[in-house]
Each structure stands twice: as C-alpha cells, then as structure tokens.
2 protein chains.
Amino acid sequence: MPDPMYKRVAEDLRGKIESAQIAPGSQLPTELELMEEYGEKFGDASGRASTISRNTVRDAIKLLVTRGLVVTRPGKGTFVVRKIDPFMSTLSGSPEVGRETVRYMSEVERYASEVEESGRKPDVTVPRVEVQRASSRVASHLGLAEGTMVISRYQQRSIDETPWSLQTTFYPMEFVTQGATRLLIAENITDGIIKYVEDILGVRQVGLHDLITARVADSHEIAFFDLPEEGQVAVFEVSRVGFDEHGQPLRLTVTVYPADRNYLAYDEGKVPPNVAALGVPALGLSDRSPR
Amino acid sequence: MPDPMYKRVAEDLRGKIESAQIAPGSQLPTELELMEEYGEKFGDASGRASTISRNTVRDAIKLLVTRGLVVTRPGKGTFVVRKIDPFMSTLSGSPEVGRETVRYMSEVERYASEVEESGRKPDVTVPRVEVQRASSRVASHLGLAEGTMVISRYQQRSIDETPWSLQTTFYPMEFVTQGATRLLIAENITDGIIKYVEDILGVRQVGLHDLITARVADSHEIAFFDLPEEGQVAVFEVSRVGFDEHGQPLRLTVTVYPADRNYLAYDEGKVPPNVAALGVPALGLSDRSPR
DNA sequence: GGGTATTTGTCCGTATGTATT
DNA sequence: AAATACATACGGACAAATACC
C-alpha cells in the first residue's frame with residue numbers, strides 16, 4: 001500500500017469521473033455513502049461493517065476540488081464539473097496593422113464576427129469609462145510617468161449568455177485634451193476607437209506588442225466568470241500595446257480569458273484558411289511527456 | 001467576524017508574506033507556534049493560555065499551499081516560495097517565414113541567443129528520438145490518419161541550471177523514407193531541422209499556426225520543473241504547426257512552459273525594438289478589475 | 001412561514017506514521 | 001537514538017445551507 005487512503009479514494013473517484021461513470025454535472029455519492037463504499041473497498045480485511053472516516057473522505061474530495069474535477073455545494077452535495085465548450089480567439093492578423101488599404105473593424109466587431117462565425121451568440125457590455133492615475137504597470141507600457149492621468153474603458157464579453165472575457169483599455173489623457181472627446185463617452189464607437197483616434201488626431205496604429213501571462217483567477221474574476229472558489233482555474237492575461245509610426249505607444253489593452261473556456265491562436269506567414277476549424281482534440285499525455 | 005478561523009489565519013499569514021514580513025524562502029513558524037500565536041490573536045476574549053487547534057492551523061496552511069504561496073516539507077517546516085525571475089519568449093518573427101532571403105536559425109539557436117541576450121545561461125538536452133503512432137491530436141494537426149507513424153523529438157530546456165520548458169516536435173515518418181534520415185539521429189542539427197528538411201526534400205516552411213492553452217501541470221511536469229505537488233502551478237502549452245507552400249503541415253511542435261517563470265510575446269507590424277526590455281511590472285488589481 | 005431531515009463546513013481532540021536533523 | 005515537524009487517520013460536536021413537507 002504505497003499511497004495513503006485519501007489519495008487512493010481520490011484516484012478511484014477520478015477514474016470514475018474521467019471514464020464518465022459519474023457523468024458531468026451529476027452528483028457524487030454523499031460523504032456518508034462514500035464512507036461506507038470505501039470502507040468495504042479498502043477496509044481492513046477483517047470483515048464487514050467497516051467504514052472509513054468522514055474526514056478521510058473529505059480529504060479525498062478536497063483533492064478533487066483543487067484539481068478542478070468537482071465542486072461542493074453546502075446542503076446539496078458534490079458535483080462533477082461540466083466542461084465548457086471552448087472558444088478560440090485568433091489574436092494575430094489584426095486588420096489595422098501591416099496594410100496600406102485598410103478595412104477598419106473595431107475589436108468589438110472583430111470579436112463579434114469571429115464568435116458568430118462559429119455559430120454562437122456574442123455579447124459585449126457598454127464600456128465603463130473612468131479617468132484614473134496610471135499604475136506603474138500602465139505607465140510603463142504607455143511610456144508615461146506613473147500617476148499620469150489616463151482613460152480606462154472596461155468591458156465584459158459573453159458567449160451564449162456565459163461570461164467569457166474581461167477587457168480594459170487605457171489611453172493617454174492627452175488624446176482627450178487634443179480633441180478626441182468621444183473617448184470619455186460610455187458607449188461603443190462603431191468603427192473602432194483606433195480609427196476614431198486616427199481620424200481626429202492623425203495618430204495611426206502600425207504595430208502591436210502582445211504579452212501573455214497565466215495566473216490563477218482573483219476574487220473579482222471568480223465572481224464574474226462563476227469559477228469554483230477553490231478550483232484554481234487559470235486565466236490568460238494578454239497585454240496588448242499599440243504603437244504609432246514613431247514607435248510611440250498609443251493604447252494598452254488588458255484582456256483576461258479564463259483558460260477553461262478559451263484558447264488563443266496566432267498565425268504568421270502563409271497559413272491555410274481552415275486551420276482554426278480543426279478545433280482542439282483531447283490532449284494525450286504521451287504527446288508531451290515521454291516516460 | 002464573518003470569516004471562519006482558518007481563513008482569518010490564512011489571510012493574516014498571506015498579508016505577512018506579501019508584505020515581505022516573512023521573506024521569500026524563509027520558514028514560517030511551526031504549526032505548534034502558530035497554534036499559540038493565533039490562539040492569543042484570535043482566541044476567545046476570556047483570557048490567557050488559549051490556543052487554536054492544530055488542524056485549524058493546518059487548514060490555513062493548506063489554503064496557502066493551494067494558492068502557491070508556501071510549500072511544506074515534512075520534518076523541516078513550511079517555507080515561503082521564492083518567486084522565479086521570469087523569462088519572456090518572443091514567439092513571433094520566426095526567421096524562417098515571411099522572408100525571401102533567409103538567415104536560417106534553428107529553434108534551439110534562437111532560444112539560446114534570446115536567453116543569452118538577457119545575460120542568462122541557456123541549456124538544451126540532446127533530443128530523445130522515438131518513432132510512434134500518431135495520437136488523434138498529433139494526427140489531426142499534421143493532417144494524417146490516426147495511428148500513422150511519426151517521428152517525435154523531445155528536449156528539455158533550462159536557464160541558469162533551472163528547468164524551464166519541455167518541447168516535443170513531431171514529423172511525418174514519410175520524411176525519413178524520402179531521405180531525411182538525420183531526423184532519426186539523437187543529436188541537435190546545427191542549422192535547424194526546418195532548413196535540413198528544405199535542403200533534402202525541398203519542403204519549405206512558409207507559415208505557422210500557434211495554438212495556446214493553459215492548464216495545470218501534470219505529474220511528469222511537476223517532477224521535471226520541481227513544482228509544488230499541490231501548488232497547482234499553471235503551464236502554457238503552445239502547439240505550433242508549420243506549413244509548406246501548399247498548405248500542407250510539415251511539423252507539430254508542442255512546448256510546455258510553467259507560467260510561474262515564463263511569459264510569451266508576439267509582435268505584429270512595426271514595433272519599437274526595445275519593447276521586450278520593459279519587462280513585466282507587478283500587476284495592479286485595479287488594472288483589470290474595477291469594483 | 002415554520003420545522004425537520006439531509007448534506008457539507010468548521011473546529012476540536014487524539015494517536016500514530018514518516019521525514020529530517 | 002532522540003527530538004522536531006509535518007502527514008495521515010480517526011473520532012465527535014455543532015453550524016450553515018438547502019430541500020421538502
């Protein structure tokens with residue numbers, strides 16, 4: 001017996017979950033039932049009537065919770081988590097850069113059309129607009145001094161009524177004082193803000209720099225995305241900085257994507273048109289981890 | 001007092017860790033000491049000599065472990081995890097695509113030079129070469145039937161003696177039968193395999209498709225990267241498919257990057273040369289999550 | 001609305017095992 | 001070998017959330 005009891009119980013349950021013997025969304029046996037079930041299964045050879053302790057069962061379940069396989073609901077029970085059908089966002093090939101003749105499309109439009117192409121229903125909230133002092137992070141990305149005033153525009157995006165990503169974009173306050181006053185209005189700008197800024201100020205975005213990190217969701221994101229409190233779902237955080245012809249940063253967009261429902265894609269060079277359609281087959285362990 | 005005792009203890013410890021009152025790498029008070037410390041701090045108002053239960057202390061520490069803040073070592077103690085100085089990999093701008101005149105550089109060379117530029121010491125193992133049947137995932141990315149024979153080349157990469165990423169590349173077995181026999185040799189190919197395949201077979205890589213996912217590390221990765229067993233560190237998994245002029249996939253490279261020490265970057269269009277040097281300042285909560 | 005049964009959450013105490021020094 | 005520190009497993013009591021009658 002190499003492994004402790006609670007790990008053996010967890011492994012056994014994990015097997016049943018991954019082999020779909022316990023279906024996604026369905027309820028696990030209650031703690032009381034598991035005490036008896038695994039009392040018989042792993043109990044001392046002595047004989048009948050053995051159970052394992054409730055705390056041991058709870059340790060096993062806690063392991064499955066932190067691995068994101070189940071969630072517990074007080075008063076109700078323990079349930080197998082439902083896997084969300086993921087969506088792939090293609091972040092390369094933004095229409096605004098690298099072309100002389102441009103068909104402008106706002107990021108919102110682009111997102112919406114990409115989602116609709118996959119037969120699903122996108123939704124974007126009206127932006128929450130604030131004037132803030134730049135944090136050190138925002139400042140360094142925008143090439144400003146820390147504490148400089150910036151405009152932030154914050155939006156929530158959903159697919160099929162499910163929260164899908166959070167996005168905040170920061171612009172230098174300078175843009176407004178120079179005349180781009182619509183940046184302060186809490187409404188979507190149909191043609192896209194990038195085009196609006198170019199039209200009003202003559203500042204053209206010609207380059208993008210994306211920085212991608214992954215981390216565990218914070219409490220605000222757990223609430224918005226309805227993530228399990230202790231499930232430790234990872235989120236992508238993509239920081240996109242747009243540059244003008246002089247290499248001057250003109251905006252910073254920070255987008256947060258929960259990793260349980262989002263994939264990111266980048267294309268470069270000549271790529272066949274239908275790659276994205278392949279989807280993402282289940283991962284095979286041997287594909288990445290030879291013994 | 002809304003929160004249960006173990007959460008209050010965890011919060012208090014988290015504060016001390018994040019404010020560096022307990023330094024990275026240093027030891028927390030032992031469970032016994034914490035029982036007494038928080039017995040006085042949160043204990044019933046009655047008077048002296050109160051302690052909280054050892055199990056309650058352990059629940060608090062378990063919370064910190066799953067959040068990746070501390071690790072426990074039997075017989076030694078509980079320690080604040082050291083944050084690893086992260087490295088940013090720029091995945092766009094591969095020299096092989098999008099240019100007519102090409103200075104070929106292997107992925108290994110490219111990785112090594114990027115690391116060295118930042119003043120650190122890269123290391124790459126000799127590849128482990130295997131002939132395998134394609135899993136459904138490998139097959140679909142390479143446009144082959146499941147079960148077709150493929151060559152896999154697996155490498156481990158380190159920075160400053162610390163394991164940093166894992167990479168496996170798959171090529172169609174066809175390449176070998178057509179003459180590219182060096183694919184089977186377990187040694188690095190100096191100029192890069194992409195150039196070798198072009199020279200021998202005339203198959204030229206002109207496009208790339210990258211698919212990025214995040215998930216929690218599996219047991220093999222936990223062992224190789226020395227990640228905390230229950231710490232739930234996320235890893236990036238980047239699947240890169242290279243295409244030839246006819247849109248035919250010619251290789252699949254799967255790279256795994258632990259998110260605690262890796263950032264990914266993509267550039268597009270005209271970007272100033274020093275962006276990458278900015279690094280990644282600490283995240284500010286308000287940058288992504290207005291109240 | 002109220003009461004009761006069910007189910008998970010918190011907290012305690014104890015005993016014993018295992019790893020490290 | 002002894003002491004220290006975390007790991008496992010057990011037991012019990014009461015609280016809080018939910019469902020049902």
Side-chain angles (χ1 to χ4, degrees), chain A residues 1-13 22 26-46 49-66 69-81 228-231, chain B residues 1-13 22 26-46 49-66 69-81 228-231:
Chain A
M1 282 165 292
D3 269 6
M5 177 78 61
Y6 77 98
K7 283 187 183 171
R8 286 195 287 160
V9 172
E11 271 307 294
D12 193 82
L13 287 170
I22 310 179
S26 69
Q27 184 177 3
L28 261 64
T30 67
E31 293 174 349
L32 211 63
E33 289 165 338
L34 291 172
M35 288 167 67
E36 292 171 6
E37 178 177 340
Y38 287 101
E40 289 174 18
K41 193 154 187 173
F42 296 139
D44 43 44
S46 71
S50 71
T51 72
I52 61 175
S53 161
R54 179 172 167 230
N55 283 320
T56 303
V57 169
R58 285 177 60 75
D59 282 345
I61 290 176
K62 191 167 298 181
L63 211 53
L64 300 177
V65 169
T66 65
L69 293 176
V70 304
V71 292
T72 58
R73 284 199 250 284
K76 298 187 70 176
T78 304
F79 300 83
V80 180
V81 299
E229 181 79 43
E230 301 302 334
Chain B
M1 283 164 293
D3 269 5
M5 177 78 59
Y6 76 98
K7 283 187 183 172
R8 285 194 287 159
V9 173
E11 271 308 293
D12 193 82
L13 286 171
I22 309 180
S26 69
Q27 185 178 2
L28 259 66
T30 67
E31 293 174 348
L32 212 62
E33 289 166 338
L34 291 172
M35 289 167 67
E36 292 172 5
E37 178 177 339
Y38 287 101
E40 290 174 16
K41 193 153 187 174
F42 296 140
D44 43 45
S46 70
S50 70
T51 72
I52 60 174
S53 159
R54 175 163 173 241
N55 285 323
T56 302
V57 169
R58 286 178 59 75
D59 283 346
I61 290 175
K62 190 168 295 181
L63 211 53
L64 300 177
V65 169
T66 66
L69 293 177
V70 305
V71 291
T72 57
R73 285 196 228 292
K76 297 188 71 175
T78 303
F79 300 84
V80 180
V81 299
E229 182 77 45
E230 301 302 336

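Just so it is clear: chains get the letters A, B, ... in the order the sequence lines come, proteins before strands, and each one is counted from 1.
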- Could you please spell out the steps behind the side chain to side chain contact (heavy atoms under 4.5 Å, CB included) verdict for A:Val9 and A:Phe42? CA-CA 9 Å; A:Val9 172; A:Phe42 296 139; 4.0 Å; yes

- Item | Inter-residue atom distance B:Ile52.CD1 - B:Leu34.CG, 0.5 Å rounding |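 Going from the CD1 atom of B:Ile52 to the CG atom of B:Leu34 covers 7.5 Å.
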
- For D:dC10, take OP1 and OP2 only and decide whether either is under 4.0 Å from a side-chain N or O of A:Thr56.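 Checking A:Thr56 against D:dC10: at least one side-chain N or O falls below 4.0 Å of OP1 or OP2.
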
- Message: Distance under 4.0 Å to a non-hydrogen atom of chain B counts as contact; along DNA chain C, which nucleotides mark the start and end?
- Response: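 Nucleotide range in contact with chain B: C:dT10 to C:dT21.
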
- Specify the separation, in whole Å, of atom CG of A:Asp59 and atom C1' of D:dA7.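 One finds 10 Å between C1' of D:dA7 and CG of A:Asp59, rounded.
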
- Item | Donor-acceptor pair, side chain of A:Glu36 and main chain of A:Glu33, under 3.5 angstrom |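 Looks like no, no N/O pair under 3.5 Å.
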
- Using atom CG of B:Leu28 as one end and atom P of D:dA5 as the other, report the distance to the nearest whole Å.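 Between P of D:dA5 and CG of B:Leu28: 13 Å.
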
- Distance below 4.0 Å between B:Thr30 side-chain N/O and D:dT4 OP1 or OP2: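 No, outside the criterion.
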
- Query: Looking at OG1 of B:Thr78 and CG of B:Leu69, how far apart are the two atoms once the value is rounded to the nearest 0.5 Å?
  - Reply: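 The OG1 atom of B:Thr78 sits 12.5 Å away from the CG atom of B:Leu69.
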
- Message: Between A:Gln27 (side chain only) and A:Lys76 (backbone N and O only), is there a donor and an acceptor less than 3.5 Å apart?
- Response: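 Yes; at least one donor-acceptor contact below 3.5 Å.
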
- Could you tell me the separation between the NZ atom of B:Lys62 and the C1' atom of D:dA7, rounded to a whole number of Å?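 My rounded result for the distance is 9 Å.
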
- How long is the span from the CG atom in B:Leu28 to the CD atom in B:Glu37, to the nearest 0.5 Å?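 Interatomic distance, B:Leu28 CG to B:Glu37 CD, rounded to 0.5 Å: 9.0 Å.
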
- Working to the nearest 0.5 Å, report the span between CD1 of A:Ile61 and CD of A:Glu31.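 Atom-to-atom, A:Ile61:CD1 and A:Glu31:CD are 5.0 Å apart.
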
- With both distances under 3.5 Å as the test, what is the Watson-Crick or G-U wobble partner of D:dA1?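 Per the H-bond distance test, none.
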
- Message: Strictly under 4.0 angstrom, non-hydrogen atoms only: write out the protein contact profile of nucleotides 11-21 of chain D, one letter per nucleotide from the 5' end, B, S or -.
- Response: BBB---BSS--

- Query: Nearest 0.5 Å, what's the CD-CG distance between A:Glu11 and A:Asp3?
  - Reply: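 That separation rounds to 7.5 Å.
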
